Amino acid sequence: MARKSTTQSKIVWTVIAWVVALVIFFPILYAVITSFKTEPEAIDGFSLIPSGTFENYITVQTQRDYFKPFTNSVILSIGSTILALIFAIPAAWAMAFAPTRRTKDILMWMLSTKMMPAVAVLLPIYILFRNFGLLDTRIGLTIMLTLINLPIVVWMLYTYFREIPGEILEAARMDGANLWKEIVYVLTPMAVPGIASTLLLNIILAWNEAFWTIQLSTTNAAPLTAFIASFSSPQGLFWAKLSAASTMAIAPILILGWFSQKQLVRGLTFGAVK
């Protein structure tokens with residue numbers, strides 16, 4: 001009886017999980033379907049039957065250069081992730097293996113910065129970027145994306161590093177390893193799953209960041225988020241073309257997430273969010 005009940009509960013929870021997954025994925029699916037419709041069909045009403053036209057993708061590519069914002073997105077997401085890891089790994093090491101009484105306060109302060117509305121600091125950030133000549137530059141956006149995602153990177157690495165026995169690092173010190181060798185040759189190889197999951201998550205966050213990339217770029221450094229926003233203009237909102245642009249923008253990150261899901265799950269379940 002207990003076994004039957006367990007099997008039934010597994011089936012129920014599986015069905016619930018699939019329903020939740022479909023609800024979450026449905027907007028993406030509908031955007032893909034809409035991208036294969038004509039503009040009159042897209043604004044006509046709800047329909048899951050596309051006409052099968054590729055006109056929107058051709059128009060999007062001819063009217064806007066897709067590969068330039070795509071290149072910008074790749075450079076910004078990878079560059080900001082590498083820069084964040086360079087700062088976050090030593091910071092997480094210090095908080096995990098050499099904590100002070102202020103460590104928890106610092107961690108909470110870093111996390112609290114993610115709760116602040118971005119629009120509240122838009123004006124000072126914009127003025128700083130203008131004065132330093134960083135508007136519409138890859139360097140400026142890379143710095144901005146690094147700063148806004150750095151608290152999450154530090155938190156994930158900190159919680160993962162805490163799962164590593166400190167005795168291993170002490171043994172490395174006894175063998176003559178200095179601080180640099182301890183971090184590079186001992187800690188980092190042991191934390192590869194956590195670092196990999198953090199890296200992948202930060203790439204996804206940087207790729208999807210829309211507010212700051214739209215506000216701080218126009219043409220030269222504009223990534224795919226700004227590319228999508230360009231199809232909403234005073235002339236009208238072109239749903240079919242906007243859906244095609246969105247599909248082209250999210251396709252690379254969806255593929256990355258699909259192929260790296262095992263690494264993400266392994267890293268997150270081995271201490272990153274415990």
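Residues take their numbers from the sequence shown, with the count starting at 1. Here the structure is a predicted model, which is why all the values come from computation and not from measurement.
Ring geometry for Phe70 versus Tyr66: interplanar angle under 30°, hence parallel rather than tilted (30 to 60°). In this structure, Tyr158 and Trp155 have perpendicular ring planes: the angle between them is above 60°, well past the 30° mark.
What you find for Leu76 and Ala221 is that their closest heavy atoms are CD1-O, 3.9 Å. Heavy atoms only, all atoms of each residue included: Asn56 and Lys37 are closest at ND2-O, 2.6 Å. Taking all atoms of both residues into account, the shortest heavy-atom contact from Ala88 to Leu157 is CB-CD1, 3.8 Å. Of all heavy-atom pairs between Pro151 and Met110, the closest is CB-O, 3.4 Å. Here the shortest heavy-atom pairing between Pro223 and Asn72 reads CA-CB, 4.1 Å. Across all their heavy atoms, Phe161 and Phe97 have their closest contact at O-CZ, 3.3 Å.
Counting heavy atoms of neighbouring residues, nucleotides and ligands inside a 6.0 Å radius, atom OH of Tyr126 does not exceed 12 of them. Within 6.0 Å of the CZ atom in Phe211, the count of heavy atoms belonging to other residues, nucleotides or ligands exceeds 12. More than 12 heavy atoms of other residues, nucleotides or ligands sit less than 6.0 Å from atom OH of Tyr30. In the displayed structure, Lys114 atom NZ is contacted under 6.0 Å by more than 12 heavy atoms of other residues, nucleotides or ligands. At most 12 heavy atoms of other shown residues, nucleotides or ligands fall within 6.0 angstrom of atom CD1 in Ile139. The local environment of CD in Glu41 is crowded, with over 12 non-hydrogen atoms from other residues, nucleotides or ligands closer than 6.0 Å.
Partners of Thr213 according to the side chain to side chain donor-acceptor pair (under 3.5 Å) rule, which considers only residues two or more places apart in sequence or in another chain, are Thr225. Asp136 pairs by the side chain to side chain donor-acceptor pair (under 3.5 Å) definition with Thr218, not counting sequence neighbours.
The backbone N or O of Ile204 sits less than 3.5 Å from a side-chain atom of Asn208, completing a donor-acceptor pair. At least one donor-acceptor pair closer than 3.5 Å links the side chain of Ser73 to the backbone N or O of Leu224. Between the side chain of Trp207 and the backbone N or O of Ala249 there is at least one donor-acceptor pair closer than 3.5 Å. Without hydrogens or angle criteria, Gln8 side chain to Ile11 main chain gives no donor-acceptor distance under 3.5 Å.
In this structure, Thr81 and Thr146 have side chains that are not in contact, with every pair of non-hydrogen atoms separated by 4.5 Å or more. Side-chain contact between Ile89 and Ile195 is present, with at least one heavy-atom pair separated by less than 4.5 Å. Using a 4.5 Å heavy-atom threshold, the side chains of Trp13 and Ile16 count as touching. Taking 4.5 Å as the limit, every side-chain heavy atom of Lys181 sits out of range of all side-chain heavy atoms of Val186.
Using a 4.5 Å cut-off between side-chain heavy atoms of Ile, Leu, Val, Met, Phe, Trp and Tyr, with links allowed through other members, Ile148 and Met116 fall into the same hydrophobic cluster. At a threshold of 4.5 Å between side-chain heavy atoms, the hydrophobic network of Ile, Leu, Val, Met, Phe, Trp and Tyr places Leu141 and Val121 in one connected group.
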Do Met144 and Glu209 pass the side chain to side chain contact (heavy atoms under 4.5 Å, CB included) test, and can you show the C-alpha distance, the side-chain angles, and the key distance before you say yes or no?
CA-CA 10 Å; Met144 193 67 219; Glu209 175 59 38; over 6 Å; no
Side chain to side chain contact (heavy atoms under 4.5 Å, CB included) evaluation trace for Trp109 with Asp105:
CA-CA 6 Å; Trp109 173 78; Asp105 294 334; over 6 Å; no
